[in-house]
Colleague: 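The structure's right below; bear with me while I get my questions together.
Nothing fancy with the numbering, it's 1 onward along the sequence. Worth saying up front: this structure is predicted, and the values here are computed from it rather than measured. Just so it is clear, the values below take in all heavy atoms, side chains as well, and ignore hydrogens, waters and symmetry mates.
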Amino acid sequence: SVPGLGLDGELVKQRNRWKNDSWAASAKLEYDFAKNDVPFAPYLSYRFAYFSGNDESGDNDNRYDPLYYEVSDWSEWAIGEILGAWVTGNSNISSHILRLRANPIDSVAVNLIYIYTRLNEDQSESTGPGGRPIDPRVVAINDKDLSHELDLIADWAINDYLSSSVVTAVLIPMSGAEDFAGNDEIWTQLIVATTLQF
């Protein structure tokens, strides 16, 4: 009954032959000002995403197994263009994601995304689901607070088949990421990508 207001959620329960018994969930509240004919068609959303970690309370491994990634939209699956895309994966983390998008012209969308990420459980084992090895630096993390990340993304739909994106990302490590990386340096990245659909 409120044009532009949306609520979205997902809940996943995961079990497999490696005694994995895990879960994941996300909830998103969004408002699309374009539904009310506001200039630049702004869109604002807040999303919380949770992927279980191993709480070591029994024989089962409670770490969520992210399986295979697919890009559907920015920070929807790989959460964060630095931490989510290159470091953590969707297991044993929870994230708060705030997103503002605007369309200065019909073919260009500009996104500003803020992400706060933390670990759910301390990591004390060096293997994951199915006996897959875990980076030993992860076991050395002593603080659950990982990072603040800010992504500025411009998407240009050149035509029906060709699009281009420019991504600038800055990650400010918190104590957990400092334990992992061994320093407190700010991480940055610049990506230019072109997509051809046929």
Colleague: Counting only heavy atoms not in E185, do more than 12 sit closer than 6.0 Å to its CD atom?
Modeller: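 Not more than 12 within 6.0 Å, no.
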Colleague: According to a hydrophobic-cluster definition based on side-chain heavy atoms being under 4.5 Å apart (Ile, Leu, Val, Met, Phe, Trp, Tyr only), do Y114 and I93 belong together?
Modeller: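 No.
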Colleague: What heavy-atom pair brings D151 and G80 nearest, and what distance separates the two atoms?
Modeller: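 Minimum heavy-atom separation between D151 and G80: OD2-CA, 3.9 Å.
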Colleague: Could you state whether L112 and L171 fall into the same hydrophobic cluster, counting links through intermediate Ile, Leu, Val, Met, Phe, Trp or Tyr residues with side-chain heavy atoms under 4.5 angstrom apart?
Modeller: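 No, it is not one cluster - the side chains of L112 and L171 are not joined through contacts under 4.5 Å.
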Colleague: Checking the side chain of S164 only, and the main-chain atoms of A193 only, is there a donor and an acceptor separated by less than 3.5 Å?
Modeller: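 The answer is yes, because a donor-acceptor pair under 3.5 Å joins these two groups.
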Colleague: Side chain of N62, backbone of D21: donor and acceptor closer than 3.5 Å?
Modeller: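 Yes, the answer is positive, given that a donor and an acceptor are paired below the 3.5 Å cut-off.
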Colleague: Yes or no on side-chain contact (heavy atoms from CB on, under 4.5 Å) for T117 and E149, after CA distance, side-chain angles and deciding distance?
Modeller: CA-CA 8 Å; T117 305; E149 182 171 335; over 6 Å; no
Colleague: Verify the neighbour count for atom CZ of F40: are there more than 12 heavy atoms of other residues, nucleotides or ligands below 6.0 Å?
Modeller: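 No, not enclosed.
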Colleague: For residues P173 and E178, report the shortest heavy-atom separation together with the two atoms involved.
Modeller: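 It is O-OE2, 3.6 Å.
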Colleague: Set out, in order, the CA-CA distance, both residues' side-chain angles and the distance that settles side-chain contact (heavy atoms from CB on, under 4.5 Å) for R63 and S22, then state yes or no.
Modeller: CA-CA 6 Å; R63 281 174 285 226; S22 58; 5.8 Å; no
Colleague: If hydrophobic clusters are built by linking Ile, Leu, Val, Met, Phe, Trp and Tyr wherever their side-chain heavy atoms come under 4.5 Å apart, do Y161 and W156 end up in the same one?
Modeller: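 The answer is yes; both residues are in one hydrophobic cluster.
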Colleague: Measuring only between side-chain heavy atoms, which start at C-beta, is V110 closer than 4.5 Å to L100?
Modeller: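 With C-beta onward as the side chain, the pair stays apart.
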Colleague: Looking only at heavy atoms, what is the nearest atom pair of N159 and L162, with distance?
Modeller: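 N159 and L162 have their closest heavy atoms at OD1-N, 2.7 Å.
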Colleague: In Å and rounded to the nearest 0.5 Å, what is the CZ to CZ distance from R101 to F33?
Modeller: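 Between atom CZ of R101 and atom CZ of F33 there are 12.0 Å.
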Colleague: Any chance you could lay out the side-chain contact (heavy atoms from CB on, under 4.5 Å) test for L83 and I115, step after step, and finish with the verdict?
Modeller: CA-CA 10 Å; L83 194 71; I115 304 144; over 6 Å; no
Colleague: Counting only N and O atoms by type, is there a donor-acceptor contact under 3.5 Å from the side chain of K13 to the main-chain atoms of W23?
Modeller: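 Flag not set: sc K13 to bb W23 has no pair under 3.5 Å.
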Colleague: Considering the options N120, V12, N54, which one meets the side-chain contact (heavy atoms from CB on, under 4.5 Å) requirement together with Y64?
Modeller: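 Of the listed residues N120, V12, N54, the side-chain contact (heavy atoms from CB on, under 4.5 Å) partner of Y64 is V12.
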Colleague: Angle between ring planes, H96 versus Y116, binned at 30° and 60°: parallel, tilted or perpendicular?
Modeller: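 It falls in the parallel class, under 30°.
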Colleague: Using the rule given for side-chain contact (heavy atoms from CB on, under 4.5 Å), can you reason through R47 versus R99, listing the C-alpha separation, both sets of side-chain angles and the distance that settles it, and then say yes or no?
Modeller: CA-CA 8 Å; R47 179 174 174 237; R99 178 179 183 177; over 6 Å; no
Colleague: So, does N92 use its side chain to make a donor-acceptor pair with the main chain of E121 at under 3.5 Å?
Modeller: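 Yes.
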Colleague: Check whether T168 reaches the backbone of L152 with its side chain - one donor and one acceptor, N or O, closer than 3.5 Å.
Modeller: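 Yes: the side chain of T168 pairs with the backbone of L152.
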Colleague: Taking W187 as the starting point, is it possible to reach L119 by hopping between hydrophobic residues whose side chains are less than 4.5 Å apart?
Modeller: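 Yes.
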Colleague: Nearest 0.5 angstrom please: S45 OG to L98 CG, how far?
Modeller: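 Nearest 0.5 Å value for the OG-CG distance: 7.0 Å.
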Colleague: Where do A41 and N103 come nearest, in terms of heavy atoms and distance?
Modeller: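 Of all heavy-atom pairs spanning A41 and N103, the closest is O-OD1, 3.8 Å.
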Colleague: Is it possible for you to say whether Y43 and V167 belong to one hydrophobic cluster, with membership spreading through side-chain heavy-atom contacts below 4.5 Å?
Modeller: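 Each belongs to a different hydrophobic cluster.
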Colleague: Which atom names give the shortest non-hydrogen contact between D145 and M174, and what distance separates them?
Modeller: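 In terms of heavy atoms, the two residues are closest at O-CB, 3.5 Å.
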Colleague: Grab the two heavy atoms, one from Y50 and one from S94, that are nearest each other, plus how far apart they are.
Modeller: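 It is CD1-CB, 3.9 Å.
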Colleague: Taking atom CZ of F51 and atom OG of S26, what is their separation to the nearest 0.5 Å?
Modeller: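 Answer rounded to 0.5 Å: 7.0 Å.
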